[in-house]
Amino acid sequence: MRATPAPAVPPAPAVPMAPAVPPDPAAPLPAKRGRVVAALMLCMALAALDSTIIATAVPQIVGDLGGFAVFSWLFSGYLLAVTVTLPVYGKLSDTFGRKPILVAGVIIFLVGSLLCAAAWNMASLIAFRVLQGLGGGALQGTIQTVAADLYPMKERPKIQAKLSTVWATSSVAGPALGGLLAAYADWRWIFLVNLPVGALALWLVVRHFRESLPARDRTRRPRVDWPGALTIFACGGLLLTALVQGGVAWPWLSAPSLLFFAGSAVCAAATVVIERRAAEPIIPGWVWRRRTISAVNLALGAVGLLMVAPTVFLPTYAQAVLGLGPIAAGFVLSTMTLSWPVSAALSSHVYNRVGIRACSMIGIGTATLVLLAFPLLPYPGAAWQPALIMFALGAALGLFQLPLIIGVQSSVGFEERGTATASILFCRQVGQSVGAALFGAVANATLNGRLEAAPPDIRPGLPGDLDSVSHALARAGALTDRAADYLRRAVDATVEHVYIGAAVAAGLSFLVLLLLAPRRFPVHGEPAPAEGAAGTGGTAGTGGTADPSGTTGTDAAVKETAVKESAAESARRNG
C-alpha cells in the first residue's frame with residue numbers, strides 16, 4: 001500500500017522549507033523492522049550452522065550409513081548448490097521481490113533438512129544435502145539484499161555487523177554443537193534442529209515482512225531466463241566439481257579433470273550467447289561493464305582465495321605444530337571471528353572520512369602485512385601468537401569487505417540490488433573453491449618435497465599427506481621424537497607457504513581496487529520532485545546518479561537518505 005503524503009506544516013518565517021521528497025517506492029516498508037531483522041538473523045544462523053555443524057559428526061554418519069569413499073560430497077554438494085544458484089536467486093529477487101524468494105528458500109532448506117534426517121544411505125544423504133544447498137543459496141543472497149533494502153547507507157554497517165556476528169558465532173559453535181548432538185543424541189538431530197529455528201524465521205517473514213515493489217514491476221509480465229539459469233548452473237557445477245575433486249578423487253591432468261574443465265568452458269560460452277540474447281538475463285552485462293561492481297567482484301574473489309589459509313590450514317597448524325587440542329585450536333581461529341564484526345561495525349567511521357575505496361584498501365593492505373607476518377612466527381611458538389595474528393586479520397578484513405558490499409548495494413536501485421549482491425557473493429564463493437584447490441596443491445607440493453628430503457633413517461613409515469601427518473602426530477608413541485619433530489617442521493613450512501600465497505591473493509585484491517575501482521563510488525539517487533520524477537533514479541547503464549549538489553559517495557547518500565526517511569516517516573504517520 002502506498003502511503004499518502006502528509007500535509008506540509010508551515011515553517012518558521014526565517015527558515016525556508018525544502019520541498020518534500022516522496023518516499024522511495026522501491027524500498028520495502030516492513031510493519032515492524034526489528035522482527036524482520038530477527039528473521040534475517042535466524043535465517044543467517046541456519047545457513048552458517050549448516051556449513052559447519054556436520055563436520056564433527058562425519059564418523060558417526062559414516063558408521064551408520066557407510067559410504068566413506070564419498071562422504072566429502074556432504075560438503076562439496078552443499079557448496080556447489082549454494083554457489084551456482086546465487087546468481088539465479090539474485091535475479092529472481094529483483095524480478096519477483098525479496099519476500100517470495102526468501103520464503104521459498106526457507107521452505108526448501110527445511111524440506112531438505114527433514115529429508116536429510118530421514119536419509120537411509122550415503123547417496124540419499126548427499127542428494128538431500130544438495131537440496132538443502134538449493135535453499136541455502138536463496139538464503140545467503142536474499143538476506144544480504146533485504147538488509148540493504150531495510151536500511152539506508154548510513155545505517156547499513158549496524159545490520160551487517162549483526163549478520164556478521166551471527167555468521168561468526170554460528171561458524172564457531174557449529175562443530176561443537178554437531179559433536180555434542182552426534183555423541184549424546186543422534187546425528188540426525190543435526191538436521192532436525194533446523195526445523196524449529198526455520199519455522200520461527202518463516203513465521204516472522206510471512207507475518208511481518210512487507211515490501212512495496214515499484215509500480216513498473218506490477219504492470220509488466222515478469223520473464224525469467226530459464227535457459228540462461230540452466231547454463232549458469234551447469235557451468236558452475238562442472239567448474240566447481242573439477243576444482244573440488246581435482247587432485248583428490250583424480251589427478252589434475254587426468255581425463256576426468258580435463259573433461260570437467262572443458263565442459264565448464266563450453267557451458268560458459270553458451271551462457272554468454274544466451275545471456276546476450278535474453279530479454280531479462282540472469283547475469284546482465286552491466287554487472288561487468290560497471291567499474292564499481294566488476295572491481296568489487298574481482299577483489300572479493302581474491303579474498304575468497306585468501307580465506308582458505310586460516311579456515312582450512314590454521315587448525316591443522318595449531319594441532320600438529322603447537323600441540324593443541326581441537327577446542328583450543330578452534331579458539332585460535334575464532335579470534336578472527338571476534339574482531340571481524342566489531343571492525344565491520346566501526347568501518348563507517350573510516351569510510352565516511354576517507355571514502356569506501358580508501359577504507360577497503362587500508363583493510364586489505366593491512367591484511368597483506370598480517371598474512372606475511374605469519375611465516376615470521378617462531379617455531380614452535382605459543383598459541384597466543386597465531387591467535388593475535390588472526391585477531392588482526394579479522395579486524396583488517398572487517399574494514400575491507402563490508403564497505404565494498406555497502407558501496408555496491410548503494411550504487412544500484414531496488415531492481416538491480418539482488419543481482420548485484422548475488423554477483424558479489426558468487427565471486428567470493430568461487431574464489432574460495434579456487435583457493436581450496438590452489439592452496440591444496442601448494443600444501444601437497446611443499447609437504448611432499450619435505451617428506452622426500454627426509455633423512456633416510458626416519459623416512460620409512462612417514463605418512464604421505466597432510467591429513468595423515470596430523471593423525472600420526474596426534475597418536476602418542478607412533479613416531480620417534482626425531483621423526484615427530486621433522487613432521488612438525490614440515491607442517492610448519494607447509495602452512496607458511498600457504499599463508500604467503502594468501503598474502504599474494506590479498507595483494508592482488510589491493511591492486512584491483514587501486515587500478516580498477518573508482519576513487520568515489522557512485523550512489524544511486526532519486527530525481528528531484530521538481531523534475532516530475534517519482535520512483536527510482538539512476539540509469540541502468542551507468543550504475544546510478546550522484547547527489548544533485550554535485551557531491552558523490554557517502555556524503556551524498558547520507559543527505560539523500562535523511563531527506564527520504566523524514567518524508568517517508570511523515571507519510572507513515574499521516575497515511
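The shown structure was predicted, so the numbers you read here are calculated from the model rather than taken from an experiment.
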query: Under the side-chain contact (heavy atoms from CB on, under 4.5 Å) criterion, do Val106 and Cys43 qualify, and how do the steps go?
result: CA-CA 8 Å; Val106 175; Cys43 292; 3.8 Å; yes
Residue pair Ile405, Thr421: steps toward the side-chain contact (heavy atoms from CB on, under 4.5 Å) verdict: CA-CA 7 Å; Ile405 294 176; Thr421 303; 5.5 Å; no
- prompt: What do the steps show when you test Val308 against Leu438 for side-chain contact (heavy atoms from CB on, under 4.5 Å), and what is the final call?
  reply: CA-CA 10 Å; Val308 173; Leu438 178 62; over 6 Å; no
message: Is there a side-chain contact (heavy atoms from CB on, under 4.5 Å) between Val332 and Leu324? Walk through the geometry before answering.
response: CA-CA 10 Å; Val332 171; Leu324 303 178; 3.8 Å; yes
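When every heavy atom of Pro310 is checked against every heavy atom of Pro315, the shortest pair comes out as O-CD, 3.4 Å. Heavy-atom minimum distance, Val354 versus Ala358: O-CB, 3.4 Å. Ala38 and Leu204 get closest at one heavy-atom pair: CB-CD1, 4.2 Å. For the residue pair Thr366 and Ile362, the shortest heavy atom distance occurs at OG1-O, 2.7 Å. For Val512 against Ala295, the heavy-atom pair with the smallest separation is CG1-O, 3.4 Å. Looking at every heavy atom in both residues, Gly228 comes nearest to Ile274 through N-CG2, 3.6 Å.
Atoms CG and CD1, on Leu372 and Ile389 in that order, are 10.0 Å from each other to the nearest 0.5 Å. In this structure, the separation between CZ on Phe391 and OG on Ser343 is 9.0 Å, given to the nearest 0.5 Å. Between atom CG of residue Leu371 and atom CE of residue Met390 there is a gap of 6.5 Å, rounded to the nearest 0.5 Å. The line from CZ of Phe400 to CG of Leu513 is 5.5 Å long, rounded to the nearest 0.5 Å. Taken to the nearest 0.5 Å, the CG atom of Leu511 stands 10.5 Å off from the CD1 atom of Ile364. With values rounded to the nearest 0.5 angstrom, Leu393 atom CG is found 11.5 Å from Leu369 atom CG.
In this structure the side chain of Arg357 never reaches within 4.5 angstrom of the side chain of Arg520, judged on heavy atoms. Residues Ile232 and Val84 fail the side-chain proximity criterion, which asks for heavy atoms closer than 4.5 Å. Annotation: side chain of Trp286 is in contact with side chain of Thr419 (closest heavy-atom distance under 4.5 Å). Taking the side chain as every heavy atom from C-beta outward, Thr316 and Val495 never approach each other to under 4.5 Å. Between Leu377 and Asp492 the shortest side-chain heavy-atom distance does not fall below 4.5 Å. The closest side-chain heavy-atom distance from Cys359 to Val350 is below 4.5 Å. Side-chain contact between Pro386 and Leu322 is present, with heavy atoms from C-beta onward closer than 4.5 Å. At least one side-chain heavy atom of Trp288 sits less than 4.5 Å from a side-chain heavy atom of Asn297.
The backbone N or O of Val408 lies less than 3.5 Å from a partner atom in the side chain of Ser411, making a donor-acceptor pair. Tyr351 contributes no side-chain N or O that, together with a main-chain N or O of Leu404, makes up a donor-acceptor pair within less than 3.5 Å. Distance alone, capped at 3.5 Å, places no donor-acceptor pair between the Ser509 side chain and the Ala506 backbone.
Of the N and O atoms on the side chains of Thr231 and Thr271, at least one donor lies less than 3.5 Å from an acceptor on the other residue.
Evaluation of the side-chain hydrogen bond (donor to acceptor under 3.5 Å, both in side chains) test over residues 383-403, restricted to residues two or more places apart or in two chains, returns Gln401-Arg428.
Under the rule for a ring-ring contact (aromatic ring centres under 6.0 Å, His included), the partners of Phe374 that lie at least two apart in sequence or sit in another chain are Tyr317, Tyr499.
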Which atom pairs, donor and acceptor, lie under 3.5 Å between side-chain atoms of residues 135-147 and protein residues at least two apart or in another chain?
from	atom 1	to	atom 2	distance (Å)
Thr142	OG1	Ala138	O	2.6
Gln144	OE1	Gln160	NE2	3.2
Thr145	OG1	Gly141	O	2.9

